[in-house]
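One structure is given below, encoded as structure tokens.
Naming convention: chains lettered A, B, ... in sequence-line order (proteins, then strands); numbering from 1 in each chain.
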Protein chains: 2
Amino acid sequence: MAAIVRVKTVLFSVLEDKLQIYLPAHRLPQGIVEHGISLNKLAMENIKGIAGAAINQGYLEQLYTFSHPFEAGMGVDIVYYLLVGEGKLVRDYQESWIEATRISRNLPEYGILSYALQRLRWKVEYTNVVYSLLPREFTLSELQRIYEAILGKKLDKRNFRKKILSLGLLRSSGHRRVGLKARPARMYMFLRRQPVMVNVF
Amino acid sequence: MAAIVRVKTVLFSVLEDKLQIYLPAHRLPQGIVEHGISLNKLAMENIKGIAGAAINQGYLEQLYTFSHPFEAGMGVDIVYYLLVGEGKLVRDYQESWIEATRISRNLPEYGILSYALQRLRWKVEYTNVVYSLLPREFTLSELQRIYEAILGKKLDKRNFRKKILSLGLLRSSGHRRVGLKARPARMYMFLRRQPVMVNVF
DNA sequence: CCAAAAGTGTTGCGTATACACCCATGG
DNA sequence: CCATGGGTGTATACGCAACACTTTTGG
């Protein structure tokens, strides 16, 4: 006996300093599993329209598998979440995003979305996966804003810097962010743009 | 298009003070997903032969979903792990268990087993799920031996007691473990035999 | 009386938190 | 010269790890 297997993708990005989820028509992008394509691949294909070819630089993680035992065809949904940096996204889809802090109980996928958010918050507290939301070079303030957007709370600047620099994940790039009407900020880059476990927060 | 969906179950128990995995013929118990039965239910049915009817008192968690895109029928394996206390198991299956610390790279499911072990170790460090491996009443030493078996290392008795009692998960049952040739130990029980998040270790 | 396991406190160390002011630049 | 954000240090509280001896029972 066989079942219908779908892959759904929860796409997160930090846009305008706010953590947002890509939810066109209030539905998660999805696809049907077919012979010869892996689940990971399909999870990324689900959002190739908005994330283009650069998806491989994002961070992808399997979230959970749900079943619908009484649905016709015995549906199985394998859900992934994906982090993609603002700079890598196709624009023009503004109306398809929803702020993560504004997801409401009457969205059809509310359960999945809130679980995805919880898992994401968790993940950034003990890994370096936020690299996937940032360009190659960035300032410490930009990095801090990413964390604040994901965790949904303000962080102390001095403590943040002490902590993040002590982890040895970053190196100074030698450049400075100029052009703003303020003191130029030192720029940093991640030593490794692959997932690494550390204690961040 | 449809796929063949299996559910596999990694059954853990602490037997004779050692963390062990139920692996008859070096294979994980498994079943095929059919209409009208949930994944959880199937995960428990997979091992009803050895764990009998008392499975519901165990702790069940979905581990991960693997796919085999080029297998005939596009196989998908949804893997669960389950904790069941020694006292609830059918005996007579001694030869089907393997010590968790002795799993070797040439077992067919080595990848799954080592990941399950890692996730289990993780889980007991921030939840109370070890309740599922203990009888209703137990001594602190028995509880400590469960943690030591799972984590694979010795713990300091004084620090263990301080920590575990400070969490407020236990209450004294008033009874004592007698009959051993040593000082009788106070017995405790879990306030709640449902999963609760706490920081244990 | 001996073996076996139960039970009990203190100290040092490192990490997390709270908190405020001066600096460099653009306009 | 003013607005904007960059950059920096200290004091306190808390949790974790290390560590040894006395007590109670059964045989």
Q) In whole Å, what is the span from the CG atom of Asn159(B) to the P atom of dG7(C)? A) 16 Å

Q | Closest to side chain of Pro184(A), choosing from dT8(C), dG6(D), dT25(C) | A | dT25(C)

Q.
Taking the minimum atom-to-atom distance to the side chain of Arg161(A), which one of dT24(D), dT8(C), dT8(D) wins?
A. dT8(D)

Q | Interatomic distance, Arg177(A) CZ vs dG7(D) P [rounded to whole Å] | A | 12 Å

Q: Choose from dA5(C), dT4(D), dG9(C) the nucleotide whose nearest atom is closest to any side-chain atom of Ser141(B).
A: dA5(C)

Q: Compare all side-chain heavy atoms of Val76(A) with those of Phe66(A) and state whether any distance is below 4.5 angstrom.
A: no

Q.
Both Asp156(A) and Arg176(B) contact DNA chain C. Taking the nearest nucleotide for each, which residue is further toward the 5' end?
A. Arg176(B)

Q: State whether the distance check finds a donor on one side and an acceptor on the other, under 3.5 Å, for side chain Arg158(A) versus base dA20(C).
A: yes

Q.
Considering every strand and a 4.0 Å limit on heavy-atom distances, what is the contact class for Lys163(B): base, sugar-phosphate, or nothing?
A. sugar-phosphate

Q) Which nucleotide in the list dA18(C), dG6(D), dG7(C) gets nearest to the side chain of Ala185(B)? A) dG7(C)

Q. Quick one: are Pro69(B) and Ile37(A) in side-chain contact, heavy atoms under 4.5 Å?
A. no

Q: Answer yes or no: is there a side-chain heavy-atom contact under 4.5 Å between Val79(A) and Thr65(A)?
A: no

Q) In whole angstroms, how far is the P atom of dG6(D) from the CG atom of Leu143(A)? A) 12 Å

Q) What integer distance in Å separates Lys154(B):NZ from dA18(D):P? A) 16 Å

Q: Please report, rounded to the nearest Å, how far the C1' atom of dA6(C) is from the CZ atom of Phe138(B).
A: 16 Å

Q.
From C-beta outward on Thr139(A), which listed nucleotide comes closest to its side chain: dG6(D), dT4(D), dC19(C)?
A. dG6(D)

Q) Rounded to the nearest Å, what distance is computed from the CZ atom of residue Arg186(A) to the P atom of nucleotide dG5(D)? A) 19 Å

Q) Expressed in angstrom and rounded to an integer, what is the separation of Glu142(A) atom CD from dG5(D) atom P? A) 12 Å

Q: Side-chain contact test, heavy atoms from C-beta onward, threshold under 4.5 Å: evaluate it for Leu11(B) versus Trp97(B) and give yes or no.
A: yes

Q) Using a cut-off of 4.0 Å on non-hydrogen atoms, how would the nucleic acid contact of Leu140(B) be classed: base, sugar-phosphate, or nothing? A) nothing

Q.
Quick check: do Val10(B) and Tyr80(B) have side-chain heavy atoms less than 4.5 Å from each other?
A. no

(Q) What is the distance, to the nearest angstrom, from the OH atom on Tyr126(B) to the P atom on dG15(D)? (A) 21 Å

Q: From the options dA18(C), dA4(C), dC19(D), select the nucleotide whose nearest atom is closest to the side chain of Lys181(B).
A: dA4(C)

**Q.** Which nucleotide in dG26(D), dT23(D), dG6(D) has an atom nearest any side-chain atom of Arg183(B)
**A.** dT23(D)

Q) Any N or O donor-acceptor pair linking the side chain of Lys162(A) to the base of dT15(C) at under 3.5 Å? A) no

